[in-house]
Amino acid sequence: DITTTTATGNGNITDLGSPNPGQHGVCWNTTGTPTIADSNTTQGAVSATGAFTSNITGLSPNTTYYVRAYATNTEGTAYGNQVSFTTGTQPPANAPPTVTTQAVTDITTTTATAHGNITDLGSPDPTAHGFCWGTSHNPDLSGDYYDNGAASTTGTYTSIISGVSAGTQYYVRAYATNTEGTTYGNEVSFTTRAAAIPTLNEWGMILFMALAGWIAIFNLKRKYE
């Protein structure tokens, strides 16, 4: 149960000695061969052999400690074998989030689906995340963007990019914002589909409708002349 500032010490009294111990626990330091003159726990008298645990507290992050169990009676203090452990690294009090950008999918003439991944929330959690895009490299929040809102867990997310032009190349970056600032992911690009060119039949229909309109206008004009 090792954290940045705490751990659980485990010991075992295999023989009570005589008389019974009036005190037992664990002791620790950063230099080795700890004694009760160092930091220690006091768990009181003992009347039976067996395992016990002690809460080791007040530690420093990213530090190696040496631990020994002990038991004391009127004949003196006995120590167990020495073990060591290293506490965890303290994360920064505040840190920006981390995001990546994946390939864009579902591309049409005017829309597309952007994909991103929050790999680290940072601290505190992001208040906004989404995508920004544009026709120039390295798009940011000064241009077009979509905000998916706050985030409380890491993982993938998507947003619909809309209002883009047909047959145009765009650049996209995921982003996430907390009090430490805005972090952008890697840049990806996509090109919207070109506008469809009418087929011969469609051109025929367009010409027919245009001709019909002109005939209607011509007949209406003759009616009132």
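Residues take their numbers from the sequence shown, with the count starting at 1. Not measured: the values here are computed from a predicted model.
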List the atom pairs, donor and acceptor, that lie under 3.5 Å between side-chain atoms in residues 72-82 and the rest of the protein, sequence neighbours left out.
residue	atom	partner	partner atom	Å
Thr72	OG1	Thr77	OG1	2.8
Asn73	OD1	Glu75	N	2.8
Asn73	OD1	Gly76	N	3.4
Asn73	ND2	Pro19	O	2.9
Tyr79	OH	Ile36	N	3.2
Gln82	OE1	Thr33	N	2.5

- Message: Going by side chain to side chain contact (heavy atoms under 4.5 Å, CB included), name the residues that satisfy it together with Ala166, two or more places apart in sequence or in a different chain.
- Response: Thr109, Ala195
- Phe190 meets the ring-ring contact (aromatic ring centres under 6.0 Å, His included) criterion, sequence neighbours left out, with Tyr170
- Message: Could you work out, with side-chain hydrogen bond (donor to acceptor under 3.5 Å, both in side chains) as the rule, every residue matching Thr8, not counting sequence neighbours?
- Response: Asp1
- Message: So, using side chain to side chain contact (heavy atoms under 4.5 Å, CB included) as the criterion, who are the partners of Ala174 when residues are at least two apart?
- Response: Val99, Thr101, Phe131, Tyr157
- If you look only at pairs with a residue in residues 97-125, which of them pass as a ring-ring contact (aromatic ring centres under 6.0 Å, His included), with sequence neighbours excluded? none
- Item | Thr113 and Thr105: side chain donor to acceptor below 3.5 Å | no
- Remaining members of the apolar cluster that contains Tyr171, side-chain heavy atoms under 4.5 Å: none
- Residues two or more places apart in sequence or in another chain: which of them pass side chain to side chain contact (heavy atoms under 4.5 Å, CB included) with Asn138? Arg173, Glu187
- Query: If you measure only the distance, is there a donor-acceptor pair under 3.5 Å linking the side chains of Thr119 and Asn117?
  - Reply: no
- Quick one: ring-ring contact (aromatic ring centres under 6.0 Å, His included) partners of Phe52, sequence neighbours excluded? His24
- Could you identify which residues cluster with Tyr66, counting Ile, Leu, Val, Met, Phe, Trp and Tyr as linked when any side-chain heavy atoms lie under 4.5 Å apart, either directly or through a chain of such contacts? none
- Query: Who passes side chain to side chain contact (heavy atoms under 4.5 Å, CB included) against Thr63, sequence neighbours left out?
  - Reply: Thr30, Ser60, Tyr65, Thr87
- Residue pairs passing the side-chain hydrogen bond (donor to acceptor under 3.5 Å, both in side chains) test with at least one member in residues 122-135, sequence neighbours excluded, are none
